[in-house]
Amino acid sequence: MNLFGLVDCNNFFVSCERLFRPDLIGRPVVVLGSNDGVVVSRSEEAKKFGVPMGVPFFKVRDIVKDNKITLFSSNFELYRDVSDRIMFVLQEELGEIYQYSVDEAFFQFTEKSSAVAKIQLTDLKQTIEKKIGVPVSLGAGKTMTIAKYASEMEKRKSGVCVLSGTAWQKLTPQIPLSEIWGIGGKTSVNMRNHKLNFVADLLSAPESFIKEEYGVHGLRLRSELSENPAHQPTEREGLQKSIMHTRSFSKTTESLAALETAVTFHIERAAEELRAIGGKAGSLSVQIQTSRHGDWLLQSGRQEIILPAPMSDTRTLLRYALSLTKALYRSGVPYKKAGVVLGRIISENFVPVSLWDQYEKTDEDALLMNVIDNLNAEWGNDAVTFGRLKKGGQLDHDQHRSPRYTTSWNEVRKVERKI
DNA sequence: TCTGGGGTCCTAGGACCC
DNA sequence: TCTGGGGTCCTAGGACCC
């Protein structure tokens, strides 16, 4: 029996914090997203106090205070490092894995029966928890979508679940479609309106109707839910497709200069990352947005351009980005957020030779960028900037961040010996 | 008062061509 | 006067995910 498996870390960010704060095991903990804006990870105890996922922090401030919930700002450097360690152990145990997100990975395996598969997954769970210390849930099924559901089903119990054949089919009349991977808020409302509430409803709906209403995505979903794989995990070939850098302003701004400062900062960071992965971008887009929660939504703007040649030089990218910013800008509009996306990324080793080589012609340019990247890495992002004096009012709050225990020598855990 | 940031994939509809 | 229609390419925007 060929199966897909999924490893999913429980309350991942909270679990990472607990690795270095074992005193917090069994106690309520919450991690906030960047800028301390929203809740992104909650311990089981915090969930019981009624802290929802994704809620703006100010809405749960009282719950946090009243119940003495421990609060952390995101410490992505720590989470990334713990994640890398987990993926390394998984590779050792399983061979090929397909990392899906910072805290999840799919894999494929073959077992005679569900019972045997379950034993194997239980072993794997114990290995990870012993070597890394982060609790995980494992699920398996004949498709990735079913494996994903299985991993969530037993999360708060044994943490291991195999759903295949009749074990899965028996459940389909009870599983709400809204709990299925790939069915979000909009689709699930639409499905309810068509009297599609449970997985079994979708499985018995006519194919023509599904195609008409939900397109290829709907057909794939139905195939996956009837145990016929429509998704294959793929090793990502080469580099990621895009790099994005975005921040909100602490206060809305109507000033073009402030937007330009922000866009400059984002291009600096995104281009730096692009060079770090050895890529060049073929397209560039700038987005300036008003608040998602006000009346100005329609005034937001985004525009993409195809670059004359794949490039990674901050100065050139910046020229295009600033001209896009000017074009998008409308005076009198309260902007809340600005960001850039570098797209169509290809490896710098595969840049085709073209008439446009004038854009990045010399090794000197690459060397200059290299020097700047090193200076900024050592002295902070404001060491060398491109005509940008300060951050321009964009948020950068992380007052509850834990130390970077595993990636910064200055923040390594200290052990004192009592005399 | 305060509502994240980083990704992928799909599709409708405009521009353009013949 | 009658003002086509099919194909391709592109991008803005939507939906979803973590």
Side-chain angles (χ1 to χ4, degrees), chain A residues 6 8-13 31-41 52-62 64 73-74 76 79-80 83 99-106 144-145 148 151-152 177-191 211-221 230-231 233-234 236-237 239-252 266 269-270 273-274 277 282-287 289-294 297-298 300-306 324 328 336-345 394-399:
Chain A
L6 175 70
D8 186 2
C9 301
N10 300 344
N11 317 326
F12 182 57
F13 296 172
V31 178
L32 301 176
S34 40
N35 300 330
D36 288 351
V38 298
V39 172
V40 295
S41 184
M53 186 66 174
V55 74
F57 175 59
F58 70 86
K59 286 195 177 169
V60 291
R61 183 169 280 146
D62 290 343
V64 167
S73 305
S74 292
F76 290 114
Y79 311 151
R80 166 60 55 194
S83 170
Q99 186 171 354
Y100 173 69
S101 72
V102 70
D103 72 330
E104 287 167 286
F106 284 100
M144 291 169 73
T145 306
K148 176 90 175 159
S151 78
E152 276 156 31
L177 283 164
S178 59
E179 289 177 15
I180 296 299
W181 186 42
I183 300 180
K186 304 270 176 181
T187 310
S188 113
V189 167
N190 177 298
M191 286 182 169
K211 173 112 180 27
E212 170 76 17
E213 198 68 27
Y214 309 108
V216 293
H217 187 64
L219 291 179
R220 278 182 207 151
L221 258 170
H231 299 303
T234 43
R236 189 168 64 198
E237 284 175 33
L239 306 174
Q240 64 193 101
K241 298 187 170 169
S242 63
I243 292 172
M244 170 184 294
H245 212 273
T246 315
R247 285 287 179 285
S248 296
F249 294 104
S250 47
K251 272 183 266 177
T252 59
H266 296 316
R269 298 287 80 72
E273 199 185 323
L274 180 64
I277 65 169
S283 72
L284 161 67
S285 103
V286 170
Q287 187 161 18
Q289 285 172 257
T290 55
S291 168
R292 283 185 298 160
H293 308 279
L297 195 58
L298 293 175
S300 297
R302 153 180 152 190
Q303 204 181 327
E304 181 181 359
I305 53 161
I306 305 299
L324 283 179
L328 289 168
K336 180 66 180 165
K337 196 172 174 182
V340 305
V341 181
L342 302 179
R344 302 181 192 218
I345 293 174
Q394 294 207 303
L395 286 168
D396 208 4
H397 293 154
D398 60 348
Q399 58 180 126

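Note on naming: letters A, B, ... go to the chains in the order of the sequence lines (proteins, then strands), and numbering restarts at 1 for each one.
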Grab the [atom1]-[atom2] distance between [X] and [N] for me, whole Å please.
| X | N | atom1 | atom2 | value |
| --- | --- | --- | --- | --- |
| Gln287(A) | dG6(B) | CD | C1' | 12 Å |
| Arg269(A) | dG5(B) | CZ | P | 16 Å |
| Leu274(A) | dG6(B) | CG | P | 15 Å |
| Lys251(A) | dC2(B) | NZ | P | 11 Å |
| Leu328(A) | dT11(C) | CG | P | 14 Å |
| Met244(A) | dG6(B) | CE | P | 7 Å |

Query raised in the report: Quick one: on DNA chain B, does Val216(A) or Ile243(A) contact a more 5' nucleotide (nearest heavy atom)?
Result: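 Going by which nucleotide is closer to the 5' end, it is Ile243(A).
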- prompt: Considering heavy-atom distances to DNA chain B, does Gly215(A) or Ser242(A) have its closest nucleotide positioned more toward the 5' end?
  reply: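 Of the two residues, Ser242(A) wins.
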Worksheet item: Are any of the side-chain heavy atoms of Ser73(A) and Leu32(A) separated by less than 4.5 Å?
Response: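 Result no, sub-4.5 Å side-chain heavy-atom pair not found.
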Can you check whether Pro233(A) reaches Tyr100(A) side chain to side chain, under 4.5 Å on heavy atoms?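 No; the side chains remain at least 4.5 Å from each other.
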message = Using a heavy-atom cut-off of 4.0 Å across all strands, would you classify Glu273(A) as base, sugar-phosphate, or nothing?
response =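 Here Glu273(A) touches the backbone only, sparing every base.
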Who does dC18(C) pair with, Watson-Crick or G-U, both distances under 3.5 Å?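 dC18(C) is paired, partner dG5(B).
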Q. If only side-chain N and O atoms of Thr246(A) are considered, is one of them under 4.0 Å from the OP1 or OP2 phosphate oxygen of dG6(B)?
A.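 For dG6(B), OP1 or OP2 has a side-chain N or O of Thr246(A) closer than 4.0 Å.
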Nucleotide by nucleotide, nucleotides 12-18 of chain C touches protein heavy atoms under 4.0 Å in the pattern (B base, S sugar-phosphate only, - none) BB-SSSS
Which atom names give the shortest non-hydrogen contact between Glu152(A) and Glu179(A), and what distance separates them?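 For Glu152(A) and Glu179(A), the tightest heavy-atom pair comes out as OE1-O, 4.3 Å.
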Q) Quick one: which of dT11(B), dT3(B), dG4(B) gets closest to the side chain of Val40(A)? A)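 Output: dG4(B).
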Task: Between CH2 on residue Trp181(A) and CG on residue Leu221(A), distance to nearest 0.5 Å - done: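 Here the rounded value is 10.0 Å.
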Item to complete: With rounding to the nearest 0.5 Å, note down the distance linking CD in Glu304(A) to OG in Ser283(A).
Response: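 Here the rounded value is 4.0 Å.
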Could you go through nucleotides 7-10 of chain C and list every protein N or O atom that sits under 3.5 Å from one of its N or O atoms, giving the distance for each pair?
none

Q. Are side-chain N/O atoms of Asp103(A) and Tyr79(A) paired as donor and acceptor at under 3.5 Å?
A.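 Short answer, no.
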